[in-house]
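What follows is a set of notes on a single structure, which appears directly below.
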Amino acid sequence: MISPPSPSAGYVTDVAYLPGYYPFMAPARMRYVASLHGIRPPAVREGFDFLELGCGFGSTLLTLAAANPEGRFTGVDFMPVHTGHIEREIAASNLDNVRVLCADFAALPADLPQFDFITLHGVFSWVSPELRRCVLEIIRRHLKPDGIVEVTYNCMPGWSSLLPVRTLLRKFAGQFQGDSVIRVRQALAVVAEMRKADIPIFHDQPLAAQLVDRLVQADPHYVAHEYLNEHWTVFDAAEVLAMFHGIGLGHAGRLPYHHNHWALCAQPQFSGQFQGADLATVETLKDHHANVMFRWDLFSSRPREAWTPRERAEAAGDLFFRIASPQASLPHTVTYGGVTAGIAGPPHDRMLEVMGSSSWSLPMLLDAPHLAAFTPEALVEAVDAGVAMGLFRVDGGPVIDPIPPAKSLASAALAVPLAFNRRALEREDLANEQVGLASLRTGAGHEIGDLHAVILDELITDGHGGIEQRIAARLARTEKHLREHSTGRPITDPEERAKAVGAICGDFFATVLPELVRQGIVTLAAASAGH
Ligand SMILES: C[S@@+](CC[C@H](N)C(=O)[O-])C[C@H]1O[C@@H](n2cnc3c(N)ncnc32)[C@H](O)[C@@H]1O
C-alpha cells in the first residue's frame, strides 16, 4: 500500500537554516500595533504564553525568553539540528521559562496549551497548502481569545518582477548533485553569469538583477531555505486576510510600523483611493503603492474599538515611548519608498523637550503638566506619527534615566548581569555581523555589531587597560577583515587598522555603551582606576 505524501514533504531539511534575531517579534511591538488599531492587546504583566512555530536556531525565541522572565516560551521545529542547538543554549544560559519541541506541525503533541502570542516567521509562504491548513488549525485551537498571531510571508506585487530569479534558481539547483547548499551555490553561479551578461530578463527588470547581486553575497543556507522549497508561494495580502478570517481572526495591523499608515505608503494625491475602502483593499493598495514583497501581519479575534485617547492610553498603559536617538531633532524627515514625510513644530517640539531621555507611557504623556496645552487626541496622534517615522521607539518597560556621564562609562568596571547575554558575548567569534542581547527593561532584544560585542566581552573579562590593542589582537586571530566604510576595501595596513579599531572603540563608548546601560544590559560597578 502506498502511503499519502506527508504535508510537510518538499521543505528543505538537508541543511540547517541560520540564526537571526527578529525585533518585530517582541511582544511590546505586537501589542503597540494592535492598540494602534483599537485592539486590546493581551495583558503581560502577570505572565504570558508565547509560541513560535518554526523557530529555527531559536535566536529570537531565546532572546525574548531571557528578556521576559515572566513569560513562558515554546518553540517548535522539526529539524533536530535546530532544536538540539536550542536545548544546549537553554541549559548553558540557565533559562527556565523556555522549551523547544522537536515536532512536525502536522503532528503536534495533543497537550499543547493555549498562547497569548503565536508567531511564525519564514514559514507560511514556504510550506505546502496542506501544511498551511494544519498551521491555521493549530492557531485556531491554541490562540487564547485575547491572543495575537504574527505571520510573515512573501507578497505581491514586490515579487512580480523577481519571480524569474526563484524559477531559475530552483531549475538549475535541480540539475546539480549534492546537498541544498552545494546545489544552490552552483545554481547561483549560473544565474549570476546570466545577470552579468545583462540578458533581457535582467536588463528589463533591474530589481531582479539587484536581487541576484544580493543573493551572491548572502549566506547560502538562507538562499537554500528561501528559494528551494517545493511549495514556495507568493500571496496577495487579501488572500491571507481571507485565510485568517476563515479561522475567526481579523487583521490587527502590521510591521514595520509605518506600514500601518497609508500616508507613509502612498503619495498624498492618491488619498482618495483609501477613503472609505474596505480593509483588504487598503492593504492591497498600500502594498501596490510601496511595491511591498514581504509582509509581517498581525491577527486577532478581538474587534477594533473606536477608543477615546484616554481609553487607548489605558489599554496600552504599560507600553513606554522614548526618543529613539539622542541626536533626534526637528524637522525629522523620512523617505519610505516613493513617499517623503516629516515631523516638525508642535506638539513634537514640546514633546522632545519634555521627554528628554526618559521613558513615557501614554497615560504619563496625557497627564504631563508641560503638555497640557495639547489635546489628548493631538498627543496620541503625535506619538503614533513619531513611532511610525522612527522619532520614538516603543519598549515594554522604562529604561534607566539619567544616563551616566560618558566619562564615568569610559572608566567604570562593567558587568553583564544576565547569563544569556554573557553567553552571547563569549560565543561571539566575529562570524556574524550582529549579536542580539536581551533587555529585562524593554522586554526585547537589542542588537549590537559583532566588534562592539567583542569590545564588551573584553571589558567585562579584563577591564579597560589596553582595550584597543586587545581588540586588534583578537581581530588578527580571526578571518574577519575590517573594511573601509565607503568602498568595502579590507584594511590590512597595521597602522590604518589600529586607527580603525580606535574609531570603533570610540563609537562603542560614545553611543553603544550608553544605550546598553540604559537598557540594563550592562551595569556599572565602582570606578576602576587605570583598569
Ligand atoms: C525559514 S526558517 C525560519 C526560522 C526562524 N523562524 C527564523 O526566522 O529564524 C523556517 C523553519 O520552519 C521549520 N519548519 C518547516 N516546516 C516545518 C514543519 N512541517 N514542522 C515543523 N517545523 C517546520 C524549519 O525547520 C525551519 O527551521
Side-chain angles (χ1 to χ4, degrees), residues 4-26 29-30 50-65 73-87 89 98-109 112 115 117-139 142 149-154 166 169 179-181 184 215 218-234 255 293-297 424 432-436 444-445 447:
S6 151
S8 308
Y11 190 87
V12 168
T13 51
D14 61 331
V15 296
Y17 192 54
L18 70 170
Y21 172 72
Y22 294 95
F24 291 165
M25 287 162 73
R29 299 207 180 193
M30 292 191 247
F50 185 110
L51 171 67
E52 183 177 2
L53 294 170
C55 56
F57 277 117
S59 308
T60 306
L61 182 78
L62 295 174
T63 310
L64 292 178
F73 289 77
T74 303
V76 176
D77 204 287
F78 71 167
M79 287 181 64
V81 63
H82 294 159
T83 55
H85 170 87
I86 296 175
E87 271 162 7
E89 289 303 312
V98 52
R99 64 174 181 152
V100 63
L101 306 175
C102 188
D104 193 312
F105 303 146
L108 284 189
L112 200 69
F115 295 89
F117 302 95
I118 298 182
T119 63
L120 44 157
H121 174 44
V123 172
F124 213 63
S125 271
W126 295 267
V127 297
S128 69
E130 298 93 295
L131 200 72
R132 257 192 307 278
R133 280 194 287 276
C134 285
V135 164
L136 287 168
E137 182 56 16
I138 294 169
I139 294 169
H142 295 281
V149 179
E150 183 174 73
V151 58
T152 65
Y153 53 96
N154 286 327
R166 197 267 167 171
L169 278 179
D179 68 27
S180 297
V181 161
V184 89
L215 293 181
D219 186 319
H221 294 82
Y222 158 75
V223 187
H225 276 260
E226 169 69 48
Y227 290 87
L228 299 193
N229 288 312
E230 187 183 331
H231 301 286
W232 185 99
T233 320
V234 181
L255 284 145
M293 64 181 288
F294 192 75
R295 283 183 60 115
W296 291 79
D297 276 349
N432 299 313
E433 297 295 312
Q434 297 280 311
V435 179
E447 287 183 294

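Remember, it's 1-based here, ligands and their atoms both numbered in the order they're listed.
Taking the six-membered ring for Trp, His121 and Phe24 have ring centres at least 6.0 Å apart.
Listed by number with element, the atoms of ligand 1 under 4.0 Å from a non-hydrogen atom of Glu52 are 5 (C), 6 (N).
For the pair Leu108 and Ala103, the tightest heavy-atom approach, listed with the atom from each and the gap, is CD2-CB, 3.9 Å. For Tyr21 against Ala26, the heavy-atom pair with the smallest separation is OH-CB, 4.3 Å. Across all their heavy atoms, Ile86 and Gly56 have their closest contact at CD1-O, 3.3 Å. Closest non-hydrogen pair, His231 versus Thr233, comes out as O-OG1, 2.6 Å.
A perpendicular orientation is assigned to the rings of Phe57 and His85, their planes being inclined by more than 60° (bins at 30° and 60°). Aromatic ring orientation, Tyr222 versus Tyr227: perpendicular (interplanar angle above 60°, classes split at 30° and 60°).
The distance criterion of under 3.5 Å between nitrogen or oxygen atoms is not met by Tyr22 with respect to ligand 1. The shortest N/O to N/O separation between His82 and ligand 1 falls below 3.5 Å. At least one N or O atom of Phe105 sits closer than 3.5 Å to an N or O atom of ligand 1. Of the N or O atoms in Tyr17, none lie within a sub-3.5 Å distance of an N or O in ligand 1. Considering backbone and side-chain N/O atoms, Gly122 never comes within less than 3.5 Å of an N/O atom of ligand 1.
Between Met25 and Leu61, every side-chain heavy-atom pair lies at or beyond the 4.5 Å cut-off.
Not a single heavy atom of Glu226 sits closer than 4.0 Å to an atom of ligand 1. Contact annotation: Val76 has no heavy atom less than 4.0 Å from any atom of ligand 1.
Among Asp77, Leu101, Leu131, Thr13, the residue whose heavy atom lies closest to atom 19 (N) of ligand 1 is Leu131. Residue Ala103 holds the heavy atom nearest to atom 21 (C) of ligand 1 of all those in Ala107, Ala103, Ser8, Ala9.
If you look at His121 next to ligand 1, the close heavy atoms, those under 4.0 Å, come from the backbone and the side chain alike. Neither the backbone nor the side chain of Ser59 comes within contact range of ligand 1; no heavy atom lies under 4.0 Å. By the criterion of a heavy-atom distance under 4.0 Å, the backbone of Cys55, and not its side chain, is placed next to ligand 1. The proximity of Leu53 to ligand 1, defined as any non-hydrogen pair under 4.0 Å, does not occur for either the backbone or the side chain.
Looking from atom 10 (C) of ligand 1 to the surrounding protein, the closest heavy atom is Tyr11 OH, 3.1 Å. Looking at atom 4 (C) of ligand 1, its nearest protein heavy atom turns out to be Gly54 O, 3.3 Å. Closest protein heavy atom to atom 15 (C) of ligand 1: Phe78 CE2, 3.6 Å.
Using a distance-only test at 3.5 Å, with no hydrogens or angles considered, no donor-acceptor pair links the side chain of Ser180 to the main chain of Val12. For the pair Trp296 (side chain) and Glu150 (backbone), a donor-acceptor distance under 3.5 Å is absent.
A donor-acceptor pair shorter than 3.5 Å cannot be found between the side chains of Thr83 and Asp77.
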